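A short worksheet on the structure shown next.
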Amino acid sequence: MIVDELPLSRAVVDRAAEHRRDGLADALSASSTRVLLVDDGSVLTDDTGDLLLLSPDDARALVAEPVAPSSDADASTPSPQDDADGLWLLLGRDDDGSAYLARRVLGRRPAPATGSAADALVHPAAGARDASGGPTTPLPPGARWSSLRVVGATLSARDAGLATAAVALDAWHARHPRCPRCGAVTVATQSGWVRACTVDGSEHYPRTDPAVIMAVVDDADRLLLGHATAWAAHRWSTLAGFVEPGESLENAVRREVREETGVVVDTIEYRGSQPWPFPASLMLGFRAHARSTDVAVDGVELESAAWFTRDELRDAVASGEVIPPGPSSIARALVEDWFGGRLPDGPAF
């Protein structure tokens, strides 16, 4: 298993950051520009499962342009449909100069409610989303909304990179409409890569939350997997957690494993990284050696955890007793890296 060729890390299009300040208008007027539609973790795909790339005019025809506020509206507070909210995003350019844009489609599902877990979109509960995702915009024949979680592993390298960037930026704009310094409204600038405060002038950039994810292996070469309290029955995966302020990646691995399972790890080996824009994680993958094997789950994040030999995991996946992570995830890559090949076919999450 090649951990450094992870599904959502295969970006090949030049991000063309030097064109962000003044390149959006040109891209919108060029017939060679191609546009993908994005909403709430989903992208529009065609009947072959590839990204459906549209011309700017076709994208405008499919998704209604924002309506300017009426004269009695508060002009200092852009509406969610205002162009300054970053509905058009410059994703990059091909070698021939052709641009790729994303058009955000304001969807049907709001952000998690105040007080909900910070990682509500990283590990959603069963039933929290459907397979197709996306809003209810009328679609061209053969087109459908596809969750990046589901199709990320089957998209081409070009499409996976474009879709991952689009999903990440879409989530950031949706969740950060106001200035964290003063609370005033922000507007999108630099082709959707910056939000500027309308009061104090400060600039704010897309956030990325580092998270460690670990294949923990003991002296008997068994793999430790956990079942989260929020998951449906039979779903198992590697352990993971967010890096805390002032913490190294290695210490985050040790802390998370011990907090969730009571297992102590010593030797840690970096295996690869992958963006996971649900909504803003960067998953940093490791293989960790267990110095102890007694398991005592925390009961808060994990409901249960267990050690698996390769034969045990193979049989459990084949029988449906274990539903492994989906093929777009780094968790699946870490498991198959240890397993020595592909897991048996069957359901995945």
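All of these numbers come straight from a predicted model, not from anything done at the bench.
- With sequence neighbours excluded, no residue satisfies salt bridge (charged side-chain N to carboxylate O under 4.0 Å, His left out) with D159.
- Not a single donor-acceptor pair under 3.5 Å links the side chain of D94 to the backbone N or O of V13.
- Residues that satisfy the salt bridge (charged side-chain N to carboxylate O under 4.0 Å, His left out) test with E18, not counting sequence neighbours, are absent from this structure.
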Could you go through residues 307-331 and list every donor-acceptor pair under 3.5 Å that involves a side-chain atom there, pairing it with any protein atom two or more places apart or in another chain?
residue, atom, partner, partner atom, Å
W307, NE1, T293, O, 2.9
T309, OG1, E312, N, 3.1
T309, OG1, E312, OE1, 3.4
R310, NE, W338, O, 3.1
R310, NH1, D221, OD2, 2.8
R310, NH2, D221, OD2, 2.9
R310, NH2, W338, O, 2.8
D311, OD1, R314, NH1, 2.7
E312, OE1, T309, N, 2.9
S319, OG, D315, O, 3.1
S319, OG, A316, O, 3.1
S319, OG, E321, N, 3.4
S328, OG, R149, O, 3.0
S328, OG, G152, N, 3.3
S328, OG, A153, N, 3.0
S329, OG, G326, O, 2.8
S329, OG, R332, N, 3.2

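- Alongside V264, the hydrophobic cluster contains no other residue (criterion: ILVMFWY side chains under 4.5 Å).
- When every heavy atom of A333 is checked against every heavy atom of L6, the shortest pair comes out as CB-CD2, 3.3 Å.
- The distance from atom CG of L91 to atom CZ of R34, rounded to the nearest 0.5 Å, is 14.0 Å.
- Side-chain atoms of D50 and S156, non-hydrogen and from C-beta on, never get closer than 4.5 Å to each other.
- Applying the ring-ring contact (aromatic ring centres under 6.0 Å, His included) test to every pair with at least one member in residues 187-221, sequence neighbours left out, gives no pairs at all.
- Side-chain contact between Q274 and L8: present, with at least one pair of heavy atoms (C-beta onward) separated by less than 4.5 Å.
- In this structure the side chain of L24 reaches within 4.5 angstrom of the side chain of L101, judged on heavy atoms.
- Remark: S248 OG to R254 CZ distance equals 7.0 Å, nearest 0.5 Å.
- Cluster annotation: V216 and V335 are assigned to distinct hydrophobic clusters (Ile/Leu/Val/Met/Phe/Trp/Tyr, side-chain heavy-atom contacts under 4.5 Å, transitive).
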**Report entry** T48 and D46: CA distance, side-chain angles, deciding distance, side chain to side chain donor-acceptor pair (under 3.5 Å) verdict
**Finding:** CA-CA 5 Å; T48 68; D46 61 22; 2.6 Å; yes
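- Formation of a donor-acceptor pair under 3.5 Å by the S292 side chain with backbone atoms of V263 is not found in this model.
- Sorted by first and then second residue, the ring-ring contact (aromatic ring centres under 6.0 Å, His included) pairs involving residues 6-33 (not counting sequence neighbours) form an empty list.
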Query raised in the report: V297 and E303: side-chain contact (heavy atoms from CB on, under 4.5 Å), yes or no, with the steps?
Result: CA-CA 7 Å; V297 296; E303 180 179 291; over 6 Å; no
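- Each of I268 and I213 belongs to its own hydrophobic cluster when Ile, Leu, Val, Met, Phe, Trp and Tyr are linked at side-chain heavy-atom distances under 4.5 angstrom.
- Residue D266 qualifies as enclosed at atom CG: its count of foreign heavy atoms under 6.0 Å is above 12.
- D22 is linked by a side-chain hydrogen bond (donor to acceptor under 3.5 Å, both in side chains) to nothing, counting only residues two or more places apart in sequence or in another chain.
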Requested in this report: Step by step, work out the side-chain contact (heavy atoms from CB on, under 4.5 Å) result for N251 and E244.
Outcome: CA-CA 10 Å; N251 284 340; E244 294 185 343; over 6 Å; no
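- At least one donor-acceptor pair closer than 3.5 Å links the side chain of S9 to the backbone N or O of S273.
- When each of V217, T238, V265, V295 is paired with L224, the side-chain contact (heavy atoms from CB on, under 4.5 Å) condition holds for V295 and for no other.
- Looking at T261, its side chain never comes within 3.5 Å of a backbone N or O of R258 through a donor-acceptor pair.
- Looking at residues two or more places apart in sequence or on another chain, you find a side-chain contact (heavy atoms from CB on, under 4.5 Å) between A160 and R10, L155.
- R104 has its side chain within reach of L89: a pair of non-hydrogen atoms, C-beta onward, lies under 4.5 Å apart.
- Within the model, atoms CZ of R195 and CZ of R178 stand 10.5 Å from one another, a figure rounded to the nearest 0.5 Å.
- Residue pairs satisfying the salt bridge (charged side-chain N to carboxylate O under 4.0 Å, His left out) criterion with at least one member in residues 203-219, sequence neighbours excluded, are listed as follows: R207-D209, D218-R222.
- Side-chain heavy atoms closer than 4.5 Å link hydrophobic residues (I, L, V, M, F, W, Y) into clusters, and following such links, even through other members, never connects W236 to L239.
- Proximity of a side-chain donor or acceptor of E259 to a complementary backbone N or O of D298 within less than 3.5 Å is not detected.
- L223 and F286 fall into different hydrophobic clusters, where Ile, Leu, Val, Met, Phe, Trp and Tyr are joined by side-chain heavy atoms under 4.5 Å apart, directly or via other members.
- Partners of E250 under the salt bridge (charged side-chain N to carboxylate O under 4.0 Å, His left out) rule, at least two apart in sequence or in another chain, do not exist in this structure.
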Query raised in the report: Hey, mind stepping through S202 and D200 against side chain to side chain donor-acceptor pair (under 3.5 Å) and telling me if it holds?
Result: CA-CA 6 Å; S202 59; D200 64 26; 2.7 Å; yes
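- Looking at heavy atoms from C-beta onward, P140 lies in side-chain contact with L52 at the 4.5 angstrom threshold.
- In terms of the side-chain hydrogen bond (donor to acceptor under 3.5 Å, both in side chains) criterion, residue partners of R287 (sequence neighbours excluded) are, by chain and number, D337.
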Requested in this report: Report the C-alpha distance between W145 and D40 in whole Å, list the side-chain angles of each, state the deciding distance to 0.1 Å, and finish with yes or no for side-chain contact (heavy atoms from CB on, under 4.5 Å).
Outcome: CA-CA 10 Å; W145 287 100; D40 193 27; over 6 Å; no
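- At least one side-chain heavy atom of R15 sits under 4.5 Å from a side-chain heavy atom of R20.
- Side-chain atoms of V43 and V167, non-hydrogen and from C-beta on, do get closer than 4.5 Å to each other.
- Under the side-chain contact (heavy atoms from CB on, under 4.5 Å) criterion, A61 pairs with no residue at all, not counting sequence neighbours.
- Each of V35, T33, L53, L36 was scored for a side-chain contact (heavy atoms from CB on, under 4.5 Å) with Y100, with one residue passing: L53.
- A distance of 9.5 Å separates OG1 in T267 from CZ in R291, rounded to the nearest 0.5 Å.
- The backbone N or O of G161 lies less than 3.5 Å from no partner atom in the side chain of T164, so there is not a single donor-acceptor pair.
- Proximity of R103 to W88: side-chain heavy atoms (C-beta onward) are separated by under 4.5 Å at one or more points.
- Judged by distance alone, the side chains of D57 and S55 never bring a donor and an acceptor atom under 3.5 Å apart.
- Here the side chain of R93 pairs no donor or acceptor atom with the backbone of A16 at under 3.5 angstrom.
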Requested in this report: For L169 and V38, run side-chain contact (heavy atoms from CB on, under 4.5 Å): C-alpha distance rounded to whole Å, both residues' side-chain angles, the deciding distance at 0.1 Å, then the answer.
Outcome: CA-CA 10 Å; L169 285 172; V38 59; over 6 Å; no
